[in-house]
Protein chains: 2
Amino acid sequence: MIVLFLFVQIGMKIFMKNKKTTIHDIADELGVTASTVSRALQDHPRISDSTKEAVIETAEKLNYQPNNIAVALRKGKSNILGVIVPTADRNFFASIIRGIEEVANDAGYNVIICQSYDSFEKEKNNIKALLEAQVDGILASIAMETVEHSHYEKVLKKGVPLIFYDRVNESINASTVVIDDFLGAYRVVEHLIEQGYRRIAHFAGQQHINIYKERLRGYRQALRDHDLPIDENLIIESKLKIESGKNSTQKMLSLSTPPDAIFSASDYAAMGAIQVLKERGVSIPDDTAVAGFSNESFTSLVDPPLTTVDQHTNRMGKFAAELFLEQVKAEEGNFITRKTVLKPELIVRPSSLKEK
Amino acid sequence: MIVLFLFVQIGMKIFMKNKKTTIHDIADELGVTASTVSRALQDHPRISDSTKEAVIETAEKLNYQPNNIAVALRKGKSNILGVIVPTADRNFFASIIRGIEEVANDAGYNVIICQSYDSFEKEKNNIKALLEAQVDGILASIAMETVEHSHYEKVLKKGVPLIFYDRVNESINASTVVIDDFLGAYRVVEHLIEQGYRRIAHFAGQQHINIYKERLRGYRQALRDHDLPIDENLIIESKLKIESGKNSTQKMLSLSTPPDAIFSASDYAAMGAIQVLKERGVSIPDDTAVAGFSNESFTSLVDPPLTTVDQHTNRMGKFAAELFLEQVKAEEGNFITRKTVLKPELIVRPSSLKEK
DNA sequence: TCCTTTTGTGCAATCGTTTGTTCACGCACT
DNA sequence: AGTGCGTGAACAAACGATTGCACAAAAGGA
C-alpha cells in the first residue's frame with residue numbers, strides 16, 4: 001500500500017514537472033558531451049554534419065529550450081533591456097514603448113518595463129532592480145520629481161549603456177532622443193496667429209522640466225516674431241491635468257479681456273479647457289480656439305476634435321532603442337554620446353480652424 | 001612610450017568599466033571565502049555578527065550589487081514574470097498591466113511584457129521567448145487570431161505557472177480571471193430598457209472570442225427577461241473598431257425602422273456610432289442612445305460622455321498576479337486551478353440618460 | 001612509410017551564487 | 001584529561017551553457 005502510494009506520488013511528479021531538458025540530456029541521449037551539443041546547436045564548423053543533424057533532431061524530440069539565464073551568466077550579457085517610463089498607461093509612453101520593443105525584440109532583446117509613477121524613490125528602486133537583473137542597457141525618461149541624478153551616474157559607472165528619451169537631463173553624459181518642443185509650440189502658436197487669433201493664452205507646465213520650459217519658450221518666441229505683445233496674465237503654470245485645465249480656463253474667462261485662443265502644453269489640460277468653454281457656452285473655435293500637445297488618442301475623438309502636436313512617439317522609441325544597439329555594438333571602442341532631436345508635427349483639427 | 005600607452009589603455013578600461021564587484025571581491029578584501037560573504041548577506045545564523053557587519057560594510061564600500069542572473073541559475077528561479085498582452089497601448093490593458101506590476105513588484109518579481117498584436121505567430125514567439133528567459137510564470141490574454149493552443153499546453157508541461165486573464169480558453173487547465181461579461185451586457189441593456197428604449201441594437205464582436213459571445217448572450221437575455229422581441233437585424237458582428245462602428249451605424253440608420261438605442265460591445269465602435277449619429281443630426285440620447293463597453297479613458301471625454309461598463313481592470317491585473325503568487329507558493333503541493341470572475345460596473349453617462 | 005594537417009570531440013574551467021558537508025577550535029562537563 | 005557539543009567558517013559541488021585547449025583519428029603530402 002505504501003509502496004503504491006509512493007509510486008503514484010513519484011509518477012505524478014514526473015508527469016507534472018517534466019524536468020526542463022538541458023544540453024546534457026541531449027548529450028547523454030546521443031553518447032556525446034555537452035560541449036559537442038552546444039557547438040552543434042551553434043552550427044560550429046568543427047562539428048560534423050551528421051552529429052549536427054542528430055543533435056538538432058533529439059533536441060526537438062526532447063523539446064529542448066535553451067536556458068538563457070545560463071547563457072547570460074556565461075556570456076555576461078542578459079539580452080534584457082530595461083525601460084523606465086513615468087507611466088505606461090498614457091498613449092504617449094505606450095507608443096514609445098511599442099517603438100522600443102519593435103526594435104529591441106528584432107535584435108533579440110527582451111524588454112523589462114518599470115514605471116516610476118513620476119516618483120523619485122520609485123525611480124531609484126527601478127534603477128536598482130534593473131541593475132540587479134543585469135540588464136544590458138537602460139532607456140529612461142526622468143520622473144517629474146527627480147531633482148538629483150546620482151542614481152543615473154551609477155549606471156554609467158557600471159558601464160551599462162544609458163539613454164534618455166523625452167525627459168532628459170543635460171548634466172548626465174548620455175545619449176538622448178527628444179523632440180523639438182520649442183518648435184512644436186512655435187508652430188502651434190504661429191498657426192493660431194495665422195487663423196487670426198491675437199490674444200493667445202498658454203497653459204504651461206512645471207518649469208523645472210525641460211520640455212515644458214521649451215514649449216513656453218516657443219510660445220513666447222512665436223508671439224515676438226509676429227509682433228504680438230506677451231501678456232504674462234495669459235500664462236498660467238500648472239500640473240496640466242484635466243482639472244488644472246478647467247481651473248486655468250475659469251481664471252482666463254474671468255479676466256477683463258479674456259483670451260481668444262488657448263494653447264495648452266498638454267492635451268489633458270486642453271481637454272479641461274474645452275469642457276469649461278462648452279459649459280459656459282463659448283463657441284470653439286469661433287469665440288475661442290483651443291490647442292493641445294502630444295496627440296493623445298482621445299484628441300481626435302472629442303468634440304470638437306483637438307488641434308495638437310504629434311511627437312512621433314513610435315519613432316522616438318525606435319530611435320532610442322537603436323541608439324542603444326549602436327552603443328552596444330561600439331562598446332569596445334569609445335562610442336560617442338549622441339543627441340537626437342526629432343521634429344514634431346502640427347496636427348490641425350477643428351478646435352482651432354476658423355471657417356472662412 | 002609603448003609602456004605608457006598600454007598604461008593609459010588599461011587605466012581607461014579600469015576607469016570606464018569599473019568591473020562589477022562580486023561576492024568574491026568582498027571575500028578577498030576581508031580574507032574570507034565567498035560562501036561566508038553570501039551567508040553574511042543573507043543574515044545566516046551561523047555567521048558571527050562581527051563578520052556580518054564587516055561584509056555589509058565592504059559591500060557598500062565596493063558598491064556591490066548582487067547578480068540576479070547567477071542567483072537565478074543557482075536557484076532555478078528567475079524572479080521574472082512574463083505577461084502577454086494583445087496590445088499595451090489601450091487603456092484596458094495598460095491598466096491591467098499596472099495592476100499586475102503593483103503586485104508582482106511588491107513580491108520581488110520583475111515583469112516582462114510582450115505584445116502579441118493579436119497575432120497567432122507573434123504569440124507563439126512570445127511564449128518561446130518567455131520560456132527561454134526562464135520566467136517563473138506567464139500571465140496571458142489570448143490573441144484574437146489564436147485558434148490552436150498547443151503552445152500554451154507546452155507551458156503547462158514545463159511546469160511553468162500559467163494564468164489567463166480576460167480572454168481565456170476553457171480547454172486549457174489553467175487558472176483564469178475574467179469579468180462577468182454576460183452580466184455587464186445584461187446591465188447595460190436593462191438600463192437602456194429602464195430609460196424607455198425599446199429597439200436596442202447590438203454591435204457584437206467576433207463570436208469565437210468568449211467575451212464577445214458572453215456579451216451577446218447578456219444582451220439577448222436582458223431583452224427576453226423584459227419581454228422584448230429579439231430582432232436579428234439589430235445585431236451586427238464586426239471587429240469593433242471605430243470604422244466598423246461607423247459602418248454598422250450607417251446600416252442601422254438605413255433600416256425601415258432604425259433602433260432607438262445602440263449597445264456596442266466595444267467603446268471604439270460606440271465612438272464610431274456617436275460620430276455618425278452626430279453627422280446625421282440624430283440627437284443623442286433623445287433620439288438614439290449609445291452605450292459602450294470597457295470604460296476606455298476617452299469615454300468620459302467625448303460629447304456626449306459615453307455610458308459604458310467598467311471592468312475593474314486594475315483589480316483584474318492584481319488578481320491575476322495574486323493567483324500566480326499563490327500558485328508559486330503552493331507549488332510543491334498540488335494547487336487547484338481557480339476561476340475568478342469579477343463583477344463589472346455599469347457607468348451611466350449622458351449618452352443614454354434621458355432627461356425626464 | 002613517416003610527418004603534417006585537418007577534422008571531430010572530449011576535457012575542464014568559467015560566469016556569480018548558493019548550500020550541504022566538513023572541519024577546526026574553544027568551552028564545558030564528567 | 002577525555003569527551004561532547006556548539007560556533008564560525010572553509011571546501012566543493014552544483015545551476016546550464018560556452019569556449020580555449022588538448023588530443024586522437026583520418027587525410028594528405030613527400
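Atom NZ in K75(B) sits roughly 18 Å away from atom P in dG16(C) (whole-Å rounding). One can place CG of L73(B) at 9 Å from C1' of dA14(D), the figure rounded to the nearest angstrom. Rounded to whole Å, the distance from CG on D49(A) to P on dG8(C) is 8 Å. Atom CD of E53(A) and atom P of dG8(C) are 14 Å apart (whole Å). Rounded to whole angstrom, the span from the OH atom of Y64(A) across to the C1' atom of dA17(D) amounts to 7 Å. In this structure, CG of L131(A) is placed 16 Å from P of dG16(C), rounded to the nearest angstrom. Summarising the geometry, the separation between CG on D28(A) and P on dG16(D) is reported as 12 Å, rounded to the nearest angstrom. As a whole-Å value, the separation of E132(A) CD from dT17(C) C1' is 13 Å.
Between R167(B) and D118(B) there is a salt bridge, since a side-chain N of the basic residue sits under 4.0 Å from a carboxylate O of the acidic one.
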Could you walk me through whether Q42(B) and S38(B) satisfy the side chain to side chain donor-acceptor pair (under 3.5 Å) test, starting with their C-alpha distance in whole Å, then the side-chain angles of each, then the deciding distance to 0.1 Å, before giving a yes or no?
CA-CA 6 Å; Q42(B) 294 174 74; S38(B) 171; 3.0 Å; yes
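I23(A) comes within contact range of at least one nucleobase, with a heavy-atom separation under 4.0 Å. At the heavy-atom level, S48(B) lies under 4.0 Å from the strands shown only through sugar-phosphate atoms. The residue V32(A) sits close only to the backbone: its heavy atoms come under 4.0 Å of sugar-phosphate atoms, none of a base.
Neither OP1 nor OP2 of dA17(D) sits under 4.0 Å from any side-chain N or O of Q42(A). Not one side-chain nitrogen or oxygen of T33(B) sits closer than 4.0 Å to the OP1 or OP2 atom of dA9(D). OP1 or OP2 of dA17(D) has not a single side-chain nitrogen or oxygen of S38(A) nearer than 4.0 Å. T51(B) has a side-chain polar atom (N or O) that falls below the 4.0 Å cut-off from OP1 or OP2 of dA9(D).
In terms of position on DNA chain D, the residue among T36(A) and R46(A) whose nearest nucleotide sits closer to the 5' end is T36(A). Between V71(A) and R39(A), it is V71(A) whose nearest contact on DNA chain D lies nearer the 5' terminus.
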Result block: side-chain N/O donor-acceptor pairs under 3.5 angstrom for residues 101-109 of chain B, not counting sequence neighbours:
from: E102(B); atom 1: OE1; to: K318(B); atom 2: NZ; distance (Å): 3.4
from: N105(B); atom 1: ND2; to: E101(B); atom 2: O; distance (Å): 3.4
from: Y109(B); atom 1: OH; to: K77(B); atom 2: NZ; distance (Å): 3.2

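When side chains are defined from C-beta on, V85(A) does not count as touching I96(A), because their heavy atoms never get closer than 4.5 Å.
Among residues at least two apart or in separate chains, side chain to side chain donor-acceptor pair (under 3.5 Å) pairs with a member in residues 125-145 of chain A are S78(A)-D136(A).
Below the 3.5 angstrom threshold, one finds no donor paired with an acceptor across the side chain of T22(A) and the base of dC15(D).
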